[in-house]
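Below is one structure, written out as structure tokens; the observations come after it.
Note that ligands are numbered from 1 as they come in the structure, with each ligand's atoms numbered from 1 the same way. All of these numbers come straight from a predicted model, not from anything done at the bench.
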Amino acid sequence: MLKRTTVAAFAKRKRENEKIVMITAYDAPTAAAAADAGIDILLVGDSLAPTVLGYRNTLPVTMEQMLHHAAAVRRGAPGSFVVFDLPFMSYQESLEKALHNAGRALKEADADAVKLEGGAEAAPLIEALVGAGIPVMAHVGLLPQRVQTAGGYRIQGRTPEAAQRVLADARAVEAAGAFAVVLECIPSELGKTVTESLNIPTIGIGSGMDCSGQVQVMNDVIGLFESAPKHAKRYAEVGRIVREALSSYASEVRGGVFPDDEHSFQ
Ligand code: KIV
């Protein structure tokens with residue numbers, strides 16, 4: 001039996017000032033690569049919808065699709081700490097439905113925790129999930145599941161009032177029992193203030209260097225798409241490498257170069 005990290009380890013990491021590294025993963029091979037690279041947390045993000053399934057945003061992805069991919073991530077990285085992102089409308093409708101779906105993430109995909117978007121208004125739900133034994137990673141700041149009401153993806157917390165709201169949300173999810181909180185797209189200074197105001201770790205994405213850890217979307221970091229958000233750094237150009245490999249394959253098949261003797265059976 002592999003011994004996995006527990007939520008308590010992440011609080012300790014914050015106390016000891018050791019950065020936490022999280023990345024999204026959606027399938028077994030990339031999960032295995034992330035585990036080999038020593039990444040601390042694999043997030044099966046609802047970004048599955050735009051990054052892998054070809055949807056316009058995160059809203060259409062279903063519980064069944066998330067479970068399917070989370071189970072693959074678990075098979076690829078059996079010893080990793082895996083967080084299951086609860087998809088849009090899997091937890092907003094009722095407490096019962098939220099408990100049921102979060103429970104499925106742990107029981108059917110063997111996830112270690114769930115993540116959900118929302119601040120103070122999500123506190124009762126977080127309390128109920130944690131009370132039922134389900135670790136919760138909260139998510140405040142920019143909330144992609146609310147893109148329709150927000151009218152787009154905008155940096156949050158830029159005015160003093162908005163910054164106070166982000167801070168109050170982060171405090172509320174901590175008080176409700178979340179073991180960590182994602183801070184998405186807030187000014188760096190606010191990321192620092194929130195991180196210093198909480199005991200639980202903050203995991204930033206576009207929220208500056210002072211967060212307790214960072215999360216990025218796998219496809220952005222490996223350069224699978226032509227464009228990526230400002231906060232994402234491309235550590236490789238995998239998209240270009242894949243295109244080049246496929247065009248060499250096509251031209252070798254068409255030119256009668258592949259398969260050669262080396263790749264044929266006698
Ligand atoms: O789904 C996702 O990729 C996320 C990260 C942006 C934190 O929620």
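- Inclusion of Tyr26 in the set of residues having an N or O under 3.5 Å from an N or O of ligand 1 is not warranted.
- Of the candidates Asp46, Asn219, Val217, it is Asp46 that places a heavy atom closest to atom 1 (O) of ligand 1.
- Side chains of Thr30 and Asp27: a donor on one and an acceptor on the other come within 3.5 Å.
- Ligand 1 does not have Gln216 within reach: every non-hydrogen atom of the residue lies 4.0 Å or more from it.
- In this structure, atom 8 (O) of ligand 1 lies nearest to the protein heavy atom Lys115 NZ, 3.0 Å.
- Using a cutoff of 4.0 Å between basic side-chain nitrogens and carboxylate oxygens, Arg13 and Glu16 are not scored as salt-bridged.
- Interface atoms of ligand 1 facing Gly45, defined by a heavy-atom separation under 4.0 Å, are 1 (O), 2 (C).
- The pair Arg146-Glu121 meets the salt-bridge criterion, with a side-chain N (NZ, NE, NH1 or NH2) lying under 4.0 Å from an Asp/Glu carboxylate O.
- No side-chain heavy atom of Gln92 sits under 4.5 Å from any side-chain heavy atom of Lys97.
- Of the protein's non-hydrogen atoms, the one nearest atom 5 (C) of ligand 1 is Leu43 CD2, 3.9 Å.
- In terms of N/O distances under 3.5 Å, ligand 1 is approached by Asp85.
- Distances below 4.0 Å separate heavy atoms of Ile205 from the following atoms of ligand 1: 6 (C).
- Asp112 has its side chain within reach of Arg4: a pair of non-hydrogen atoms, C-beta onward, lies under 4.5 Å apart.
- Under the 4.5 Å side-chain criterion, counting only non-hydrogen atoms from C-beta, Met137 is not in contact with Val181.
- The existence of a salt bridge linking Arg104 and Glu64 is confirmed by a sub-4.0 Å separation between a basic side-chain nitrogen and an acidic carboxylate oxygen.
- When each atom of ligand 1 is checked for a heavy atom of Thr24 under 4.0 Å away, the hits are 3 (O).
- Of all protein heavy atoms, the one closest to atom 2 (C) of ligand 1 is Ser47 OG, 3.2 Å.
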